[in-house]
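Here the structure comes first, spelled out in structure tokens, and everything after it is commentary.
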Amino acid sequence: MQINISSTKSYYEITHERGALSKVAKIVDLDRKVMIVTDSGVPEEYAQTLSKQCKEAHIFCFERGEQSKNIDNFLLILKEMLKASFTRKDLVIALGGGVAGDMGAFAASCYMRGIDFVNIPTTVLSMVDSSIGGKTAVDFEGVKNVVGSFFQPKAVIEDFDLLKSLDKRQISAGLTEAIKMAATCDKELFEFIEKSNDLDKDLEEIIIRANAIKKMVVEEDPTEKGLRKVLNFGHTIGHAIESKHNGELLHGECVALGMTLLCSEKVKPRIVKVLEKYNLPTLINDNMEELSEIMKHDKKAKKGNISVVYCPEIGSYEFKDMTIDEITKLK
Ligand code: GLY
């Protein structure tokens with residue numbers, strides 16, 4: 001699958017191939033210095049398999065979890081690259097989930113005004129969504145993704161064999177992003193996820209079909225001026241829940257909760273049913289006033305109003321501006 005971002009003249013390939021991790025050198029030039037950004041949750045042998053293929057590999061391994069997506073770790077990556085005399089010709093590879101991808105890409109986008117970046121996602125969430133489309137960021141002062149840039153990777157390599165180390169909870173949390181895309185943009189994919197009774201068998205197809213949606217969206221709107229906002233379905237409330245629970249709930253679990261409040265009466269039971277099928281949470285126990293307070297700091301908040309994505313019918317979406325008061329009353 002090839003992504004063409006014409007405004008930035010970025011064309012990159014998403015490779016979907018079991019076993020691709022051991023063949024990265026055939027896809028990307030590794031005959032240079034490579035900074036591998038990974039986390040403690042990723043099996044060590046993945047980084048070893050990759051580093052063996054590089055001329056000079058450096059591994060930056062941070063503690064797994066959203067709390068690591070911070071300026072301190074971002075600076076540590078840059079320091080390591082500077083200490084090892086990385087030049088503009090060298091490369092950063094993220095090998096992990098959304099945190100490794102966002103932070104590794106942000107470091108690549110800033111080092112010497114931008115060096116090559118490749119994403120090798122190891123989670124369902126990052127394969128489905130975050131590895132594609134060039135969003136980079138770290139969290140700052142308690143606000144998620146508030147410091148970052150748009151910076152397209154040179155390649156995305158999706159090796160489905162890497163998913164075997166994930167537990168069921170992480171797989172389900174990642175699946176939320178595919179459910180989000182299907183609910184708003186692809187009725188057939190939503191029905192496929194609804195009907196699936198063997199996720200092990202169907203996961204690959206779900207990821208590839210979700211990638212096709214993401215490709216369509218980011219090619220049309222790489223910097224989120226319009227259409228790309230659709231990918232925020234469930235995220236406005238989801239991010240607030242995530243901030244409040246500070247790492248206790250996974251990102252996908254928070255997005256699942258967020259989706260249940262921003263859909264029509266007709267759509268809600270279908271979304272809830274599909275989320276429950278994958279053991280995802282569907283009932284918000286937090287005080288909505290408290291969540292609204294957090295939402296005011298969201299990038300999507302403008303002049304006291306919050307932009308949200310609403311799903312009136314499966315396979316369609318509306319953008320709405322809601323007041324804090326309206327959000328507080330959502331049920
Ligand atoms: N994860 C949402 C986006 O890439 O826009």
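Basis for what follows: all heavy atoms, side chains included, without hydrogens, waters or symmetry-related copies. Order of listing sets the numbers, starting from 1, for every ligand and every atom in it. On a predicted model such as this, the values are computed, not experimentally measured, just so you know.
The local environment of NZ in Lys154 is sparse, with at most 12 non-hydrogen atoms from other residues, nucleotides or ligands closer than 6.0 Å.
Using a 4.0 Å cut-off between charged side-chain N and carboxylate O, Glu265 and Lys268 make no salt bridge. Residues Glu188 and Arg209 are not paired through a salt bridge, judged by the lack of any N-O separation under 4.0 Å between the basic side chain and the carboxylate. Under the 4.0 Å criterion applied to side-chain N and carboxylate O atoms, Arg32 and Asp116 are assigned as salt-bridge partners.
Nearest protein neighbour of atom 5 (O) of ligand 1, counting heavy atoms only, is Arg228 NE, 2.7 Å. The protein non-hydrogen atom at the shortest distance from atom 1 (N) of ligand 1 is Asp129 OD2, 3.0 Å.
Because its NZ or CZ atom is not both nearer than 6.0 Å to the ring centre of Phe233 and within 45° of the ring axis, Lys180 does not count as a cation-pi partner of that residue.
The proximity of Lys214 to ligand 1, defined as any non-hydrogen pair under 4.0 Å, is limited to the side chain.
Any N or O atom pair closer than 3.5 Å counts here, and Lys180 shares no such pair with ligand 1.
For ligand 1, the atoms closer than 4.0 angstrom to any heavy atom of Lys135 are 2 (C), 3 (C), 4 (O), 5 (O).
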